[in-house]
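Numbers here simply count residues along the sequence, with the first being 1.
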Amino acid sequence: MEFEEMQKIWDEQRNETLFVINEEAMHNRVKAKKKQANRILNVTEIGLMIVNSITAIILLVDAIIDQEGIYSYAGVGIMAFTVCYLLFIRKNRKKSDQKFDRTILGELDHAISNTESTIKIGKTMVYWYFIPIAIFIFIKMIYQDATLMKWLLIIGAFILGNFVANWEIKKCHIPRKRHLESLREKLIE
């Protein structure tokens with residue numbers, strides 16, 4: 001239930017307008033928002049871990065089959081490090097989930113925290129994921145004397161990936177966080 005959906009009650013004795021909040025409906029709405037924020041964060045974390053694990057395995061098999069030397073294993077290391085980093089921040093986040101109480105404000109704070117975590121992962125991945133992978137791929141392409149078409153394709157993929165990651169943060173997650181924060185402010189008032 002949003003504040004715009006509050007029922008208006010007329011107090012005839014005082015001749016003033018009062019507002020009543022259905023606490024149970026409000027709490028259920030906040031719980032739903034928390035579940036949505038948690039679901040998005042879980043999909044982001046687990047999805048990135050799966051993609052990076054599969055990529056690490058593919059790079060490892062490729063490095064073993066092609067026997068290109070120690071440099072080929074750098075990509076495997078980068079991917080494995082990313083999976084470990086995601087596991088680490090997920091573990092810490094799950095541990096910190098216990099600090100939120102189960103009141104309306106506690107659930108709302110939890111939803112805000114999960115949305116902030118999603119934003120942080122998105123911003124962190126752009127700089128600490130795309131850049132090392134791009135450097136690794138560009139060096140490998142130089143080493144393998146890649147064609148101009150491959151260069152343009154890879155550069156285009158990184159530009160598109162960066163655009164999509166930033167667009168998702170700006171158009172989805174930041175507005176959701178602002179909405180949750182404004183709801184919190186209205187509840188505190």
Side-chain angles (χ1 to χ4, degrees), residues 30-66 68-102 106-141 143 150 153-181 184:
V30 168
K31 281 182 187 178
K33 288 183 179 290
K34 184 190 87 167
K35 275 185 176 179
Q36 179 189 25
N38 196 38
R39 188 173 34 253
I40 290 168
L41 183 55
N42 283 328
V43 166
T44 300
E45 290 173 340
I46 293 169
L48 283 170
M49 285 188 276
I50 290 170
V51 167
N52 290 332
S53 296
I54 291 170
T55 304
I57 292 167
I58 291 170
L59 289 174
L60 180 62
V61 170
D62 188 45
I64 291 170
I65 291 172
D66 292 345
E68 293 176 353
I70 192 86
Y71 180 73
S72 295
Y73 295 98
V76 177
I78 292 170
M79 290 292 143
F81 175 78
T82 304
V83 172
C84 292
Y85 173 72
L86 287 166
L87 282 170
F88 174 76
I89 62 172
R90 181 175 172 81
K91 180 183 169 199
N92 286 342
R93 180 184 61 80
K94 290 282 191 181
K95 193 185 311 178
S96 72
D97 281 355
Q98 305 308 316
K99 72 179 181 184
F100 298 103
D101 56 18
R102 298 299 170 227
E107 301 277 3
L108 201 50
D109 288 339
H110 195 184
I112 291 168
S113 176
N114 284 344
T115 303
E116 287 171 346
S117 293
T118 304
I119 292 168
K120 182 181 176 186
I121 288 173
K123 287 181 178 180
T124 301
M125 286 297 135
V126 167
Y127 298 108
W128 296 107
Y129 178 70
F130 280 167
I131 292 173
I133 294 298
I135 291 169
F136 169 74
I137 289 174
F138 291 153
I139 291 172
K140 190 169 184 175
M141 287 173 52
Y143 175 74
K150 191 172 185 178
L153 188 66
I154 295 296
I155 290 170
F158 278 111
I159 290 171
L160 180 63
N162 188 35
F163 171 77
V164 169
N166 284 318
W167 179 85
E168 181 182 10
I169 290 168
K170 290 177 185 170
K171 297 296 183 187
C172 299
H173 304 306
I174 290 176
R176 181 181 309 106
K177 180 183 171 203
R178 286 185 186 138
H179 173 73
L180 292 169
E181 288 172 338
R184 185 181 196 288

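In this structure, I121 and L41 have side chains that are in contact, with non-hydrogen atoms separated by less than 4.5 Å. Counting heavy atoms from C-beta on, the side chains of K31 and K34 never come closer than 4.5 Å. Contact check for M79 versus I54: no side-chain heavy atoms found under the 4.5 Å cut-off. Between Y73 and I64, some side-chain heavy-atom pair lies under the 4.5 Å cut-off. K150 is not listed as a side-chain neighbour of L153, based on a closest heavy-atom distance of 4.5 Å or more. Residues I78 and N52 form no side-chain contact, since every pair of their non-hydrogen atoms from C-beta on lies 4.5 Å or further apart.
Here the side chain of N42 pairs a donor or acceptor atom with the backbone of N38 at under 3.5 angstrom. Without hydrogens or angle criteria, N166 side chain to N162 main chain gives a donor-acceptor distance under 3.5 Å.
Contact detail for G75 and F136: the closest heavy-atom pair is N-CE1, 3.3 Å. Considering all non-hydrogen atoms of both residues, A37 and T115 come closest at CB-OG1, 3.6 Å. The two residues A80 and A56 come nearest to each other via the heavy atoms N-CB, 4.4 Å. Nearest heavy-atom pair, R93 versus S96, reported as atom, atom and distance to 0.1 Å: O-OG, 2.9 Å. Between I154 and I137, the shortest heavy-atom distance links the atoms CG2-CG2, 3.8 Å. In terms of heavy atoms, K123 sits closest to I169 at N-CD1, 3.5 Å.
For the atom pair K33 NZ and I112 CD1, the distance stands at 11.0 Å (nearest 0.5 Å). The line from OG of S53 to CD1 of I58 is 11.0 Å long, rounded to the nearest 0.5 Å.
More than 12 heavy atoms of other shown residues, nucleotides or ligands fall within 6.0 angstrom of atom CZ in F138.
The aromatic rings of H110 and F100 sit parallel, their planes meeting at an angle under 30°, below the 60° perpendicular limit.
R176 and H173 share a donor-acceptor pair across their side chains, judged by distance under 3.5 Å alone.
The salt bridge (charged side-chain N to carboxylate O under 4.0 Å, His left out) with E181 is formed by just one residue from the set R184, K177, R178; it is K177.
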